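Since this is a predicted model, take the numbers as computed values, not measurements.
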2 protein chains.
Amino acid sequence: MVNDQMVNEFMDNEQLKLENQLCFRLYTAARLVTGAYQPYFAQMGITYPQYLVLLVLWGQDKQPVCEIANRLLLDTNTVTPLLQRMEKAGLITRTRGKEDTRTRIVALTDQGKAMYEQAQRIPDCLKRDIALKTGEEEELIQMIPTLDKLIEGLKRKQ
Amino acid sequence: MVNDQMVNEFMDNEQLKLENQLCFRLYTAARLVTGAYQPYFAQMGITYPQYLVLLVLWGQDKQPVCEIANRLLLDTNTVTPLLQRMEKAGLITRTRGKEDTRTRIVALTDQGKAMYEQAQRIPDCLKRDIALKTGEEEELIQMIPTLDKLIEGLKRKQ
DNA sequence: GCTATTTATATCGTTCACGATGCAAAAGTA
DNA sequence: TACTTTTGCATCGTGAACGATATAAATAGC
């Protein structure tokens, strides 16, 4: 019989405590940081994943869905509906590929391109927002190589 | 007129590139790491956020919803449905508080307590899984204080 | 004691993530 | 050429996150 005593006396595995979970920190940090972007995105009428798609397309316009999915390390079952919403919002077009008619070529509309101007200030604003609240910027940058190794190791099916 | 030339020639803000986004790394790392837990959770019939709730309750049984929400830095509009699903799955009970009838006291069922045994191996398994794929463990641990500062700075309404 | 405000939880709608599955076009193979 | 497999994308269902809003109970102010 599992009783109250058990919960409290025997549940003392240090590793099974929230405070000791790296994963919970990553999960929370990711949520809070994307949350910090919210004011800017709300103003632009986009969401965080939509911003990521725009970043990809601003770097290189007219890419098939699979390229975008690869870059974001997401699957098409996440990306397709995302792109459909962005198309409906007038940010992109999704036209069939010419050589390979299975592919969908995603291209920025004028509105999607114009949004680049509004986005210009976001990185600096965010740096300031976060620096003001956490004090640290150096340390954050130092995490990058570690996060990259982690991502590189855990992503698969390239 | 915004044209193709513009995208490619003038969109050269280094900060507006996916590769330079700390946020994208956090978002991706969090997704991939929780993904690494999936095999274990699938076996147990739970999800990652449900695991977090269990961690909280294993540490201290019988807590009101707001306590759990505070610990996880989530709002009740996320936690309530989560707890409802866990109740339906037989992991917890949600009873009304006695002094304050507004509160819902969340308590582990025997099944929820018993699941602690199955969870015992998860942290070690995951450490091994991730170490095998990324090689690094030291570095991951070194991120913890930085993530904590970030989280502490960005969370509000305690 | 009575209204005003706050608190604890819940509901609703929208947008992700993601496993499972479907489908048609392309590529490979006999 | 006919057949099989792979690829690229889409659809469906479920479970989060989260903004907005609702509701009832508790608390505060008068």
Undergrad: Rounded to whole angstroms, how far apart are NZ on A:Lys155 and P on C:dC18?
TA: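 Rounded to the whole Å, the gap is 15 Å.
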Undergrad: Where the side chain of A:Asp100 is defined as all heavy atoms beyond and including C-beta, which of C:dA25, D:dC18, C:dT6 is the nearest nucleotide?
TA: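 Nearest listed nucleotide: C:dA25.
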Undergrad: Does A:Tyr27 reach a base, just sugar-phosphate, or nothing at all? Heavy atoms under 4.0 Å.
TA: sugar-phosphate
Undergrad: Establish, with yes or no, whether the OP1 or OP2 oxygen of C:dA8 is under 4.0 angstrom from a side-chain nitrogen or oxygen of B:Arg104.
TA: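 No, B:Arg104 has no side-chain N/O under 4.0 Å of OP1/OP2 on C:dA8.
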Undergrad: If you assign A:Thr34 and A:Thr80 each to the DNA chain D nucleotide with the nearest heavy atom, which residue ends up on the more 5' nucleotide?
TA: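 Nearest nucleotide further toward 5': that of A:Thr80.
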Undergrad: Output yes when at least one side-chain N/O atom of B:Thr47 is less than 4.0 Å from OP1 or OP2 of D:dG15, else no.
TA: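 So the side-chain polar atoms of B:Thr47 never come under 4.0 Å of the phosphate oxygens OP1 or OP2 of D:dG15.
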Undergrad: Mapping B:Met86 and A:Thr103 to their closest nucleotides on DNA chain D, which lands nearer the 5' end?
TA: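 Nearest nucleotide further toward 5': that of A:Thr103.
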Undergrad: Where is the tightest heavy-atom contact between B:Tyr116 and A:Asn13, given as atom of each residue plus distance?
TA: OH-N, 3.1 Å
Undergrad: Regarding A:Glu137 and A:Arg128, does a basic nitrogen lie under 4.0 Å from an acidic carboxylate oxygen?
TA: no
Undergrad: Whole Å only: how far is the CG atom of A:Leu91 from the P atom of C:dT15?
TA: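 Nearest whole value for this atom pair: 12 Å.
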Undergrad: So, is A:Arg96 close to the C:dA25 phosphate, meaning a side-chain N or O under 4.0 Å from OP1 or OP2?
TA: no
Undergrad: Can you tell me which nucleotide in C:dC18, D:dA17, D:dA10 comes closest to the side chain of B:Thr78?
TA: D:dA17
Undergrad: Measure the distance from CG on B:Asn77 to C1' on D:dA16 and round it to the nearest whole Å.
TA: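 My rounded result for the distance is 11 Å.
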Undergrad: In terms of relative ring orientation, are B:Tyr51 and B:Phe41 parallel, tilted or perpendicular, with 30° and 60° separating the classes?
TA: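 Tilted: the ring planes of B:Tyr51 and B:Phe41 meet at 30° to 60°.
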Undergrad: Assess whether atom CD of B:Glu152 is packed by more than 12 heavy atoms of other residues, nucleotides or ligands within 6.0 Å.
TA: no
Undergrad: Quickly work out the B:Tyr37 OH to D:dA16 P distance and round it to whole Å.
TA: 16 Å
Undergrad: Whole-Å distance between D:dG15 P and B:Leu52 CG?
TA: 16 Å
Undergrad: Identify whether any heavy atom of A:Thr101 sits under 4.0 Å from a base atom; if not, whether one sits that close to sugar-phosphate; answer base, sugar-phosphate or nothing.
TA: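 Touches sugar-phosphate only.
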Undergrad: Just N and O in the side chain of A:Arg85: are any of them under 4.0 Å from OP1 or OP2 of C:dT14?
TA: no
Undergrad: Kindly give the heavy-atom pair with the smallest separation between A:Leu150 and A:Leu26, and that separation in Å.
TA: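 In terms of heavy atoms, the two residues are closest at CD2-CD1, 4.0 Å.
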Undergrad: In whole angstrom, what separates A:Leu82's CG from C:dC18's P?
TA: 13 Å
Undergrad: Measure distances between side-chain N and O atoms of B:Arg102 and base N and O atoms of D:dA25, and say whether any donor-acceptor pair falls under 3.5 Å.
TA: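 Check passes, donor-acceptor contact within cut-off.
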Undergrad: Rounded to the nearest Å, what distance is computed from the CD1 atom of residue A:Ile92 to the P atom of nucleotide D:dC9?
TA: 12 Å
Undergrad: Which part of the nucleic acid, if any, lies within contact of B:Glu99, taking any heavy atom under 4.0 Å across all strands shown: a base, the sugar-phosphate backbone alone, or nothing?
TA: sugar-phosphate
Undergrad: Using only side-chain N and O atoms of B:Thr76, determine if any of them is under 4.0 Å from OP1 or OP2 of C:dT9.
TA: no
Undergrad: Are B:Gln84 and C:dT9 close enough that a side-chain N or O sits under 4.0 Å from OP1 or OP2?
TA: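 For C:dT9, OP1/OP2 do not have a side-chain N/O of B:Gln84 under 4.0 Å.
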Undergrad: Nearest to the side chain of A:Arg31, which nucleotide is it out of C:dA8, C:dA17, D:dC18?
TA: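 Selected nucleotide (nearest to the side chain): D:dC18.
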Undergrad: Tell me the closest heavy-atom pair linking B:Arg25 and A:Ile151, and the distance in Å.
TA: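 Of all heavy-atom pairs spanning B:Arg25 and A:Ile151, the closest is O-CD1, 3.6 Å.
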Undergrad: Whole Å only: how far is the CG atom of B:Asp75 from the P atom of C:dA8?
TA: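 Value for this atom pair: 12 Å.
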Undergrad: Report the residue (A:Gln50 or B:Arg94) whose heavy-atom-nearest nucleotide on DNA chain C is the more 5′ of the two.
TA: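 Taking each residue's closest nucleotide, the earlier one in sequence belongs to B:Arg94.
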